[in-house]
K.L.:
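Have a look at this one.
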Amino acid sequence: MTATMNSKTTSPALDNKVPDGPIATKWEDHKFSMKLVNPNNKRKFTVIVVGTGLAGSSAAATLGELGYNVKAFTFHDSPRRAHSIAAQGGINAAKNYQNDGDSVHRLFYDTVKGGDYRSREANVHRLAEVSVNIIDQAAAQGVPFARDYGGLLDNRSFGGAQVSRTFYARGQTGQQLLLGAYSALNRQIHAGSVEMHNRKEMLDLVVKDGQTCGIVVRDLLTGEVESHSAHAVVLATGGYGNVYYLSTNAMMCNVTAAWRAHRRGAFFANPCYTQIHPTCIPASEDHQSKLTLMSESLRNDGRIWVPTAFDDNRLASDIPEAERDYYLERKYPAFGNLVPRDVASRNAKTVVDEGRGIGPLKNGVFLDFADAIARDGVETIKAKYGNLFDMYANITGENPYERPMRIYPATHYTMGGLWVDYHLMTTIPGTYAIGEANFSDHGANRLGASALMQGLADGYFVLPYTIGDQLAGKLGEGTVPTDDPVFKAAEAEVADQTKKWLSIGGTKSPEHYHRELGRIVWDRIGMARDKNGLEKAQDEISSLEEEFKKNVRVKGDNTSMNTELEKVGRVADFFELAKLKARDALVREESCGGHFRVESQTEEGEALRDDENFSHVAAWEWNGEDTEQTKHEEQLDFEYVALSQRSYK
């Protein structure tokens, strides 16, 4: 082990609260040193949880079980609608059931390396530690994980690892895990410890004297704006991938709750870090509004290839083996088709840009199961991936048992998010961010099957410990009344903004501007970025935003359900995020993980980091609408994983 200690200093505004001590015992030792709230006192505290996906549902259920008074908010009609339900492939855990050399340390190492050495070591090791508990928790809830012939829990491989550590439930792992968390949440709702608020969207975070005191929400059915007070607010609202418009995210996914917290003082970290997933169904037309994920698990048995010839219009079955380029297997023999997502995505872009793309629009590559079917039989492949194959056939009209799938990268996950310390608290005391809403665990690239792991780790096993450390100091303090001037001022701001959107009376819809913004962000801040393109992005985004504010058309009113009114506020937040995303990408003059600057690459076209100047987290502070954010840096030290150029060969 060679320690790499950063000689630069962290901004005084960022206290990561990482405890001292050996990393292997750091979390267990720290749990003992944190302040506790005894069972009888927990009922004296109110905690708001915004978002009810895996992170939010598990957090709300666990906090309710511990005895806190919890208010949970979702803009869906049920927590079961959360986008966590769409996760397909699996969840990582260092159980080593396959006896293939896995361990907590190996999962920690793979995650740090997979994130291209841009994550905080202490947080990642804790994630690896608690991963083993998640599987026990989910299995006890009845989550139907796949099992082998003997009845033991089965595993499969995912990208960026050479062991099998991914637990799965066919291609529906997110759905089954969410049902488990949802059942735990419902139990607490029935017990009265969790108060559920459906169809309500958070529009502002309320802060008094530097401390979090509640939120302002809009009832999406009646239009009523109301305030809710609490001792702490937990944001579990997912990522910002829909800034690209076309993504694998559900169309309602947005950055609004996190961004409104940013505007109130929560620093936003690493917004340029976006994961482009390599296995998605390619876009079929210009007016498409969503892309569909095909699970990374398919790369276990599917082989990725393109024709060696340019502009080849032959059917896959007519192209002989000698005229096929299995480019991932050729370039990365040690990992083959299971290289990390950023590597697989960039290579797919390269071959398509060369003119070797396949499909009607020449915008895809093949994912071929012919060898696996010949080896294992159709029934075995159907047992593993049947629902995924059916979904592909329903969308494309093509039978993947008989011809290769067509895939191409698409926006899928965001590694940036609200900056949090080791306790998962933002720079606003009392406001926490968990799951994809925070930046903390994945660095510049998330490994497959680690999103579900982080969401449930944060919700079930980390936040319930760390939130008590903050609340213990508030014992005896009541919540701020919702008729306090800070709440009334926040409500008035929401009302004024709503009135402004409704009064513009322009000619183009919020959807139009979202689509146009997404095109700019994809073209300029997508899989490959350069200085010239990023500078153009800043100008183009600002110009389009100016037009948006003058010419957007929002029909209807604010006294009933109005999806246009919901949309316009979310698009406005995407504009502000996109400007920061472009700036963050511009000033990070290196390549790392999902952030690929064409000026910074190896001779072989791989991401080339600049550890001397950019081994840090960039955390941006809001300074007002007409003022650029201030950049703060949290320096990253590597005591247990030696910095090196990533290699998957």
Side-chain angles (χ1 to χ4, degrees), residues 43-52 56 59-60 63 68-75 194-237 254-267 418 425-433 437 467 470-471 473-502 557-560 562 565-566 568-570 572-573 576 622 624-625:
R43 64 175 64 98
K44 299 175 183 178
F45 292 105
T46 298
V47 179
I48 286 173
V49 178
V50 184
T52 55
L63 293 172
Y68 293 106
N69 296 307
V70 180
K71 292 182 178 182
F73 291 81
T74 177
F75 56 40
V194 176
E195 182 181 292
M196 191 68 228
H197 295 264
N198 297 324
R199 301 295 285 153
K200 292 184 179 178
E201 181 173 24
M202 175 184 153
L203 295 182
D204 208 351
L205 180 74
V206 184
V207 179
K208 182 175 183 179
D209 299 329
Q211 299 280 329
T212 303
C213 61
I215 62 174
V216 175
V217 301
R218 180 176 183 267
D219 188 310
L220 299 184
L221 299 180
T222 67
E224 182 181 358
V225 174
E226 57 191 41
S227 293
H228 293 267
S229 184
H231 294 92
V233 171
V234 179
L235 300 179
T237 51
N254 61 79
V255 75
T256 289
W259 196 256
R260 303 296 168 88
H262 174 54
R263 291 171 63 104
R264 290 296 183 186
F267 291 7
L418 293 175
M425 189 164 69
T426 70
T427 47
I428 305 175
T431 296
Y432 295 79
I467 199 169
Q470 167 76 5
L471 293 177
K474 292 180 172 290
L475 187 61
E477 298 179 17
T479 58
V480 177
T482 54
D483 60 0
D484 188 276
V486 291
F487 280 104
K488 293 306 176 185
E491 290 177 12
E493 286 185 36
V494 169
D496 289 345
Q497 187 63 64
T498 299
K499 183 178 179 181
K500 187 189 90 170
W501 293 129
L502 291 170
D557 56 37
N558 64 338
T559 60
S560 61
N562 187 341
L565 183 57
E566 298 170 30
V568 73
R570 296 168 189 167
D573 293 332
E576 292 183 349
W622 179 264
E625 285 194 28

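All residue numbers refer to positions in the sequence shown, counting from 1.
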K.L.:
Starting from the C-alpha separation in whole Å, work towards a yes-or-no answer on side chain to side chain contact (heavy atoms under 4.5 Å, CB included) for Met196 and Thr52.
P.N.:
CA-CA 10 Å; Met196 191 68 228; Thr52 55; 3.7 Å; yes
K.L.:
Which atoms form the tightest heavy-atom contact between Asn562 and Asp557, and what is the distance?
P.N.:
ND2-O, 2.9 Å
K.L.:
Indicate yes or no for a side-chain donor-acceptor contact from Thr426 to the backbone of Tyr432 under 3.5 Å, with no hydrogens or angles considered.
P.N.:
no
K.L.:
Which atoms form the tightest heavy-atom contact between Ile428 and Ala266, and what is the distance?
P.N.:
CD1-N, 3.4 Å
K.L.:
Between Thr482 and Ser227, does any side-chain donor sit less than 3.5 Å from a side-chain acceptor?
P.N.:
no
K.L.:
Between Ile467 and Val234, is there a side-chain heavy-atom distance shorter than 4.5 Å?
P.N.:
yes
K.L.:
Side chain of Ser229, backbone of Cys213: donor and acceptor closer than 3.5 Å?
P.N.:
yes
K.L.:
Taking the side chain as everything from C-beta on, heavy atoms only, tell me whether His262 gets closer than 4.5 Å to Glu576.
P.N.:
no
K.L.:
Measure the shortest side-chain to side-chain distance between Lys71 and Asn69 over non-hydrogen atoms and say whether it is less than 4.5 angstrom.
P.N.:
no
K.L.:
Does Tyr68 have any ring-ring contact (aromatic ring centres under 6.0 Å, His included) partners at least two apart in sequence or in another chain, and if so, which?
P.N.:
none
K.L.:
At their closest point, which heavy atom of Val480 faces which heavy atom of Phe487, and how far apart are they?
P.N.:
O-CE1, 3.6 Å
K.L.:
Would you please name every residue forming a side chain to side chain donor-acceptor pair (under 3.5 Å) with Arg570, sequence neighbours left out?
P.N.:
Glu201, Glu566
K.L.:
Taking all heavy atoms of Pro429 and all of Gly210, pick out the closest pair and write down the distance.
P.N.:
CD-O, 3.2 Å
K.L.:
Side chains of Phe45 and Leu475, heavy atoms from C-beta outward: is any pair under 4.5 Å?
P.N.:
yes
K.L.:
Could you check whether Arg260 pairs with Asp573 (Lys NZ or Arg NE/NH1/NH2 to Asp/Glu carboxylate O, under 4.0 Å)?
P.N.:
yes
K.L.:
Considering only heavy atoms from C-beta outward, does the side chain of His231 approach that of Gln470 to under 4.5 Å?
P.N.:
no
K.L.:
State the CZ-NZ distance between Arg218 and Lys200, to the nearest 0.5 angstrom.
P.N.:
12.5 Å
K.L.:
Which heavy-atom pair separates Val216 from Ala490 by the least distance, and what is that distance?
P.N.:
CG2-CB, 3.7 Å
K.L.:
If the plane angle is over 60° it's perpendicular, under 30° parallel, otherwise tilted; pick one for His197 and His228.
P.N.:
perpendicular
K.L.:
Can you tell me which residue pairs pass the salt bridge (charged side-chain N to carboxylate O under 4.0 Å, His left out) test with a partner in residues 482-493, sequence neighbours excluded?
P.N.:
Lys208-Asp484, Arg264-Glu493, Lys488-Glu491
K.L.:
Once rounded to the nearest 0.5 Å, what's the spacing between atom OG1 of Thr46 and atom NZ of Lys44?
P.N.:
13.0 Å
K.L.:
Taking atom OG1 of Thr427 and atom CG of Leu418, what is their separation to the nearest 0.5 Å?
P.N.:
8.0 Å
K.L.:
As an exercise, state the distance from OG1 of Thr559 to CG of Leu565, rounded to the nearest 0.5 Å.
P.N.:
10.5 Å
K.L.:
Give the minimum heavy-atom separation between Ala572 and Trp501, together with the two atoms involved.
P.N.:
CB-CZ2, 3.6 Å
K.L.:
Find out whether Leu235 and Met202 are in side-chain contact, i.e. whether some heavy atom of one side chain is under 4.5 Å from a heavy atom of the other.
P.N.:
yes
K.L.:
Which distance, rounded to the nearest 0.5 Å, do you find between the CZ of Phe75 and the OG1 of Thr256?
P.N.:
8.5 Å
K.L.:
How long is the span from the CG atom in Asn558 to the OG1 atom in Thr498, to the nearest 0.5 Å?
P.N.:
6.0 Å
